[in-house]
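For reference, the structure is listed below as structure tokens.
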Amino acid sequence: MADYYQPSAIILDVGLPGIDGWNVMTRLKEAFPTRHIPVHFISGTEKPWDAIKMGAMGYLTKPVSLEQLNQAFVKIDHLINAKLKKLLVVEGDEDECDNIKGLLDDNDITIETVASGKETLHRLKNDIYHCIILGMNLSDMSGEDLILRIRNDEDISYLPIIVYTGKELTDKERVFLDNHSERIIIKDPKSLEKLFDETALFLHRVESDLPKEKRRILQMVHDKESILKNKKLLIVDDDMRNVFALSSILEDKGIRVIVAKNGHEGIARIKENPDLDIVLMDIMMPEMDGYEAMRHIREIDEFKKLPIIALTAKAMRGDRANCIEAGANDYLSKPVDSEKLLSMLRVWLYR
């Protein structure tokens, strides 16, 4: 219906029969014809942060009052009727600001730049912005402090924050940013294209309205098959049924799969294959579990930046933070949803 009717906005529940709201949201945001449509969650499940990270414009937890509904509709109305989406770039490097503006600027958005946390908070208090790009090196406060001050302010707490930095992040910094920002983009030769894609998502930019060269950037980022094809992936898991199921999915997409049955063997396979692109690491294994294996891998300079996705038997509170702290880049709970897995692989293999 969203594809056919192209609505101005969507209100989405999570607890739907057949396909739940999370899968609906994934499909909406992966398809160009519907990716720009603002989605506001209203659900009995308290997972607002998960929804915002996926690109939702807001989240209400049931039961919802008439006043809350009215506020949601006002927010939706403002967004869909805004002729210009406003982006705030918080970055002390003028050359970097120029690079960002040169790539993102067009007739559907306004880009403003600031160099300090104090000026950022002043702007946010006195104007309406739809997204922030945040560099971590500010003149007057840390990036972490600025993020916390935004998240603790009810008026601007849901504002999407994309961290764009060349800084080498510690495990503690990565855990913090993963918990308090929508995206972390580390600067590299292709990071500006990734930044363009993420801002397009959170600003709800209509792909068909963009200039041809900018549409090409988005299409290149989302060329799903080419991103996965011929990539080399290691599965570390002691359950051969899981290994077989995952291998079947991945090899069908052109991914080359290597297998290890515990942490010790996984480390050995990584050393034997320095050209690995990514690792799927089960947590609960005999001899050496996934947490310990990831810590050992991160101690090897050559593999400090190797993407690792942790797999856990069941979703428990704190699992994600524990996995990130041990060295994982991301986290999935078993049984693994194949579409979520492939979507996550595309994110981490786009480098």
Side-chain angles (χ1 to χ4, degrees), residues 20 22-23 25-26 30 47 49-50 53-54 171 174-175 177-179 183-184 224 227-228 231-273 275-300 303-351:
D20 67 20
W22 303 117
N23 280 307
M25 185 65 165
T26 298
E30 284 188 348
K47 290 188 176 180
W49 197 243
D50 291 345
K53 277 179 170 286
M54 294 177 79
D171 291 342
R174 187 173 284 278
V175 170
L177 294 175
D178 188 71
N179 287 331
R183 293 291 186 275
I184 307 167
K224 299 177 180 180
I227 291 172
L228 299 178
K231 291 295 189 288
K232 198 170 182 180
L233 177 146
L234 171 66
I235 300 174
V236 186
D237 196 327
D238 64 312
D239 188 332
M240 288 301 109
R241 293 168 299 177
N242 288 334
V243 170
F244 179 77
L246 291 172
S247 296
S248 300
I249 294 166
L250 299 171
E251 288 172 350
D252 187 53
K253 298 299 180 181
I255 296 174
R256 294 180 291 160
V257 176
I258 300 169
V259 176
K261 61 180 179 290
N262 58 53
H264 286 299
E265 197 172 301
I267 293 169
R269 293 288 177 273
I270 288 173
K271 290 178 178 178
E272 293 166 5
N273 297 271
D275 59 339
L276 270 174
D277 293 293
I278 196 163
V279 176
L280 298 183
M281 179 70 71
D282 186 33
I283 294 300
M284 303 307 294
M285 295 182 292
E287 296 186 39
M288 179 188 285
D289 66 18
Y291 292 127
E292 189 178 352
M294 289 189 292
R295 291 189 185 100
H296 279 289
I297 292 166
R298 293 312 187 204
E299 289 173 358
I300 305 170
F303 303 118
K304 283 187 181 295
K305 294 186 178 181
L306 176 65
I308 301 175
I309 296 174
L311 306 177
T312 63
K314 53 185 177 181
M316 300 289 287
R317 183 177 293 275
D319 271 357
R320 184 184 184 92
N322 291 336
C323 291
I324 299 296
E325 191 172 0
N329 297 91
D330 224 322
Y331 152 96
L332 274 175
S333 59
K334 292 180 177 180
V336 174
D337 181 291
S338 60
E339 287 303 316
K340 285 183 180 178
L341 171 62
L342 292 172
S343 179
M344 193 173 286
L345 288 176
R346 292 181 192 112
V347 169
W348 289 106
L349 291 172
Y350 180 76
R351 291 184 295 158

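Heavy-atom basis, side chains included; hydrogens, waters and symmetry copies ignored. Residues: numbered from 1 along the sequence shown.
A salt bridge links Asp282 with Lys334: the distance from a Lys NZ or Arg NE/NH1/NH2 to an Asp or Glu carboxylate oxygen falls below 4.0 Å. Under the 4.0 Å criterion applied to side-chain N and carboxylate O atoms, Arg295 and Glu292 are not assigned as salt-bridge partners.
With hydrogens and angles disregarded, a donor-acceptor distance shorter than 3.5 Å links the side chain of Arg298 to the backbone of Phe303. Under the 3.5 Å distance criterion, the side-chain polar atoms of Asn329 are left unmatched by any main-chain donor or acceptor of Ile309. Arg269 contributes no side-chain N or O that, together with a main-chain N or O of Ala260, makes up a donor-acceptor pair within less than 3.5 Å. A distance-only check finds a donor-acceptor pair linking the side chain of Lys53 to the backbone of Asp178 [under 3.5 Å]. Within the 3.5 Å criterion, the main-chain N or O of Ser248 finds no donor-acceptor partner in the side chain of Asp252.
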### Message
Set out, in order, the CA-CA distance, both residues' side-chain angles and the distance that settles side-chain contact (heavy atoms from CB on, under 4.5 Å) for Ile258 and Lys232, then state yes or no.
### Response
CA-CA 8 Å; Ile258 300 169; Lys232 198 170 182 180; 3.3 Å; yes
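Atom NZ of Lys271 sits in a sparse spot, with 12 or fewer heavy atoms from other residues, nucleotides or ligands closer than 6.0 Å. With a 6.0 Å radius and a threshold of 12 heavy atoms from other residues, nucleotides or ligands, Lys231 has its NZ atom above the threshold. By the neighbour-count criterion of 12 heavy atoms within 6.0 Å, atom CE of Met284 is sparsely surrounded, having that number or fewer from other residues, nucleotides or ligands. Counting heavy atoms of neighbouring residues, nucleotides and ligands inside a 6.0 Å radius, atom CD of Glu325 does not exceed 12 of them.
Ser343 and Glu30 are linked by a side-chain donor-acceptor pair at a separation below 3.5 angstrom, with hydrogens and angles left out of the test. In this model, a donor atom of one side chain and an acceptor atom of the other lie less than 3.5 Å apart for Asp330 and Trp348.
Listed here is the closest heavy atom pair of Gly266 and Leu234: O-CD2, 3.7 Å.
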